[in-house]
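Read through the structure below, which is laid out as structure tokens, and then see the notes.
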Amino acid sequence: MSTPIITICGRPNVGKSTLFNRLTGKRKSIVSEIPGTTRDSIQTNCLWNDKSFILVDSGGIETYSDNQITKKVTDKSYESINEADHILFVVDATSGITNEDTEILRIIRKIDKEITLVINKVDNSSREENINDFFVLGLGEGINISAYHGNGIFDLMNSLEHLFSIEEADDESIKFSIIGRPNVGKSTLFNSMIGQAKSIVSEMPGTTRDSVDSKFEYKNNDYTIVDTAGIRRKGKIGKEIEYFSVLRTIKAISESHISLLVIDSTENLTLQDQHIAGLIRESGNGCVLVMNKLDLIDKEKIKETEIIEKLKFFPGIPLVYTSAKLKSGMSEMLKELISVNRRYRQNFNDDEIWKNILNIISSNMPPSKGKRRVYPTSARQIGSNPPKIQIKFHNAELVHFSYKRYIENKLRNIFDLRGVPLQLEISEK
């Protein structure tokens, strides 16, 4: 499945960030009544009906401003629009069409991308009367929504369904990406595995700009490997080319089954490494942690327990040691990759799931509220790659996040899901 990039754009304060947060289910963008709150384009992996896409919240576009910061935000927004497969052009039903709306649309039409008109803040019948004014934009009826209240979101996503219908030919290979900060040895690792210099290897951070992929065979297993640009800390992203390397890296993660998170063992685990591990987990990828550059450090000096503690939000990640430069540790790494891939594709027997859920819950009953008791009524697997389990409860809204995490950890141990995220859906019976 080719992962589409969908970018939300428009002038400031039309509700772009509110729409972004509604679609992602998280407060990742700052929402404010002050125009221009979103300065940077923000991107994340999303799922709709188990189909993956990358959603980008661009900064507000102000075409008539002389402010230098505003101009930079506008330029970066146009760059993110240029990277998109589809554009959501958001307008405000309360203010109608403005000159800024018309000018922005004129510019983005030149980029020649498919555009969906999204009329936001349609919160009542009086505002519905104003929507016909937007016909003059030449984008059809548009989709009426209230991002704040969640109205019209289902219609909006259904209108984008054609973006998710492009199927690639069946590929039984293990598809994985090499992810990590710049200059941790990703390209050298890539070249060591495929046995040819397809990526540029340099001591200068940031040499790799675009993703490179290659197929190879090892011990009767087929692999598709994706080498990606390094993800820098946000404060170090200066030029747009670095920013869009991040976007392409996120796209590479979403199009892989498993990610090799490469760490420079001489520097130990950094906050940025933890951030990247979070991106991998959020995307639903399996993960193998690769401590590289072992030729530069005594293995005994690596604090393995400290690393595991820092990555406790992604429990059970297998840890392997390599020296890509000396081509050592390659077989152990690929062996672990095969194991994670097997766990990633697991399918469980529903009777076995139900039996284990009953055992887990009976040993630690969920808290009730007054006379409202919480108890399970069914459990089954509803997805794989990675495994997804649905548990239906009576009074499901009383199941606390911490209790959900308790069930997840128990199931993870029972079914051996080391290095694989378990997606657990709690719903009402």
Side-chain angles (χ1 to χ4, degrees), residues 4-24 29-43 46 53 55-65 70-71 73-160 163:
I5 299 173
I6 300 173
T7 296
I8 302 170
C9 75
R11 61 185 170 85
N13 215 32
V14 293
K16 299 184 301 299
S17 293
T18 306
L19 176 58
F20 180 88
N21 291 339
R22 173 66 64 180
L23 293 176
T24 61
S29 282
I30 301 169
V31 179
S32 168
E33 291 301 314
I34 301 170
T37 301
T38 303
R39 292 295 186 193
D40 292 313
S41 295
I42 301 170
Q43 62 280 316
C46 291
F53 65 98
L55 187 66
V56 178
D57 179 16
S58 64
I61 299 172
E62 298 182 62
T63 56
Y64 301 113
S65 175
T70 301
K71 283 184 175 181
V73 172
T74 296
D75 289 343
K76 185 173 282 189
S77 294
Y78 283 132
E79 288 286 345
S80 63
I81 290 168
N82 197 52
E83 289 283 313
D85 297 302
H86 192 92
I87 298 165
L88 300 181
F89 179 56
V90 184
V91 293
D92 185 344
T94 64
S95 56
I97 299 172
T98 67
N99 291 336
E100 194 108 65
D101 291 326
T102 306
E103 179 62 14
I104 292 168
L105 183 59
R106 184 187 70 80
I107 295 170
I108 64 177
R109 272 192 164 125
K110 292 180 180 178
I111 300 175
D112 195 26
K113 298 290 174 77
E114 189 177 3
I115 305 170
T116 294
L117 175 66
V118 181
I119 307 171
N120 191 26
K121 305 183 185 180
V122 184
D123 300 312
N124 53 52
S125 56
S126 63
R127 292 180 180 179
E128 288 179 8
E129 295 174 2
N130 300 330
I131 61 175
N132 289 334
D133 297 342
F134 292 99
F135 269 108
V136 299
L137 293 174
L139 295 175
E141 291 184 2
I143 309 290
N144 304 331
I145 70 165
S146 169
Y148 183 80
H149 294 103
N151 302 335
I153 299 299
F154 190 82
D155 293 335
L156 172 61
M157 292 310 300
N158 273 352
S159 74
L160 303 175
L163 296 173

Heavy-atom closest pair, residues Leu23 and Ile153:
CD2-CG2, 3.6 Å
With sequence neighbours left out, write down each residue that passes side-chain contact (heavy atoms from CB on, under 4.5 Å) with Ile143, or none if nothing qualifies.
Thr116, Ile145, Asp155, Leu156, Ser159
Rounded to the nearest 0.5 Å, how far does CZ of Phe134 lie from CG of Asn144?
9.5 Å
List for me each residue that meets side-chain contact (heavy atoms from CB on, under 4.5 Å) alongside Glu114, sequence neighbours excluded, and say none if there are none.
His86, His162, Leu163
Is there a side-chain contact between Thr98 and Asp101, using heavy atoms and a 4.5 Å cut-off?
yes
Rounded distance (nearest 0.5 Å) linking atom CD1 of Ile104 with atom CG of Asn99:
11.0 Å
So, does Asn120 use its side chain to make a donor-acceptor pair with the main chain of Asp92 at under 3.5 Å?
no
Donor-acceptor under 3.5 Å (Lys16 side chain, Arg11 main chain)
yes
Under 6.0 Å from the CZ atom of Phe135, do we count more than 12 heavy atoms belonging to anything else shown?
yes
Please report the interatomic distance CD1(Ile87) to CG(Leu117), rounded to the nearest 0.5 Å.
12.5 Å
From the options Ile8, Ile119, Val118, Ile108, select the one residue that forms a side chain to side chain contact (heavy atoms under 4.5 Å, CB included) with Phe89.
Ile108
On a heavy-atom basis, the closest approach of Arg22 and Tyr148 is NH2-O, 2.6 Å
Indicate yes or no: at least one non-hydrogen side-chain atom of Val14 is less than 4.5 angstrom from one of Val91.
no
Taking all atoms of both residues into account, what is the closest heavy-atom pair of Leu137 and Arg109, and its distance?
O-NH2, 2.7 Å
Mind checking whether Leu19 and Asp57 have side chains closer than 4.5 Å, heavy atoms only?
no
Provide the closest heavy-atom pair for Gly15 versus Ala147 in the form atom of the first, atom of the second, distance.
O-CB, 4.4 Å
Side chain to side chain donor-acceptor pair (under 3.5 Å) partner of Ser146, the single match among Asn151, Asp123, Thr18
Asp123
